[in-house]
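We count residues from 1, following the sequence as given. What's counted below: heavy atoms across the whole structure, side chains too, no hydrogens, waters or symmetry copies.
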Amino acid sequence: MAETISISLTGGFELGGCTYQVPEQFSIGQVSSYQTLLRPVPDIPGGTKLTAEQRVVTETYLLRRAAACVIPEFRMSVSEMLSLRQLEAIHGWIAGHRPQLHVV
């Protein structure tokens, strides 16, 4: 799979022969879930700290879940076809074009 993903100005993109569209509006639940999933994963003081590899795996999983919660028909099985770089591109597009989902 190509390392880049092309997203139109309206939020449409194609993956595996299917077209997906980032909606313009989201429910309160979608916004809340998306923001929660994209919060940084903290190390627990006095607990087990994630290795760099574990942190990448965890953050990739959370990016997949976040995309699946706001893009219709974009299931976890679909997002598994994407590299971390492609997931970051989708979330970068969302951050720049859907301010209501901006994570603070």
Side-chain angles (χ1 to χ4, degrees):
M1 168 138 314
E3 195 56 32
T4 60
I5 189 162
S6 179
I7 305 172
S8 72
L9 291 175
T10 60
F13 61 96
E14 189 175 317
L15 179 63
C18 295
T19 302
Y20 300 94
Q21 179 69 44
V22 179
E24 290 190 33
Q25 300 295 319
F26 305 93
S27 70
I28 292 170
Q30 286 175 307
V31 171
S32 176
S33 294
Y34 185 84
Q35 291 175 341
T36 298
L37 288 165
L38 292 186
R39 286 193 184 112
V41 178
D43 283 322
I44 300 169
T48 304
K49 294 187 190 276
L50 296 176
T51 64
E53 183 178 332
Q54 289 170 324
R55 186 167 297 282
V56 167
V57 168
T58 300
E59 289 175 354
T60 301
Y61 173 78
L62 294 173
L63 285 173
R64 287 185 172 119
R65 290 278 314 268
C69 93
V70 296
I71 302 171
E73 306 301 320
F74 193 76
R75 307 284 180 243
M76 287 291 289
S77 58
V78 173
S79 68
E80 289 173 356
M81 293 190 285
L82 296 172
S83 68
L84 175 58
R85 189 178 207 165
Q86 291 168 319
L87 287 165
E88 290 171 338
I90 290 171
H91 290 291
W93 187 94
I94 289 172
H97 295 85
R98 301 297 188 258
Q100 66 272 40
L101 290 177
H102 180 69
V103 179
V104 234

Fill in the blank from the handout: Tightest non-hydrogen contact, residues K49 and Q54, listed as O-OE1, 4.0 Å
Exercise for the section: Look at the side chain of S32 and the backbone N and O of I28, then say whether any donor-acceptor pair between them is shorter than 3.5 Å. Expected result: no
Exercise for the section: Show your reasoning for whether side chain to side chain contact (heavy atoms under 4.5 Å, CB included) applies to I71 and V78. Expected result: CA-CA 11 Å; I71 302 171; V78 173; over 6 Å; no
Exercise for the section: Run the salt-bridge test on E73 and R75 with the 4.0 Å N-O cut-off and return the result as yes or no. Expected result: yes
Practice task
Please lay out, stage by stage, how M81 and L15 fare under the test side chain to side chain contact (heavy atoms under 4.5 Å, CB included).
Solution key: CA-CA 8 Å; M81 293 190 285; L15 179 63; 3.9 Å; yes
Problem - Interatomic spacing from CG in L84 to OG1 in T60 - rounded to 0.5 Å - result: 4.0 Å
Handout entry: Exam field: side chain Q21 to backbone T10, donor-acceptor pair closer than 3.5 Å
Key = yes
Handout entry: Whether F74 and Y20 hold their rings parallel, tilted or perpendicular, with breakpoints at 30° and 60°
Key = perpendicular
Completion exercise
Looking only at heavy atoms, the pair that brings W93 and L9 closest together is CZ2-O, 3.5 Å
Problem - Neighbour count >12 (heavy atoms, 6.0 Å) for atom CD, E24 - result: no
Handout entry: Student check: side-chain heavy atoms of L87 and I5 closer than 4.5 Å
Key = no
Handout entry: Sidechain-backbone polar pair: Q86 side chain, S83 backbone, donor-acceptor under 3.5 Å
Key = yes
Distance-only donor-acceptor pairs under 3.5 Å for side chains of residues 61-70, two or more places apart:
residue	atom	partner	partner atom	Å
Y61	OH	R65	NH1	3.2
R64	NE	S79	O	3.1
R64	NH2	L82	O	3.1

Exercise for the section: List in chain and number order the residues that pass side chain to side chain contact (heavy atoms under 4.5 Å, CB included) with V57, two or more places apart in sequence or in another chain; answer none if no residue qualifies. Expected result: none
Handout entry: Heavy-atom side-chain proximity of T19 to F13 below 4.5 angstrom
Key = no
Exercise for the section: Please name the pair of heavy atoms, one in Q100 and one in Q25, separated by the smallest distance, quoted to 0.1 Å. Expected result: NE2-CA, 4.0 Å
Exercise for the section: Side-chain contact test, heavy atoms from C-beta onward, threshold under 4.5 Å: evaluate it for L38 versus H91 and give yes or no. Expected result: yes
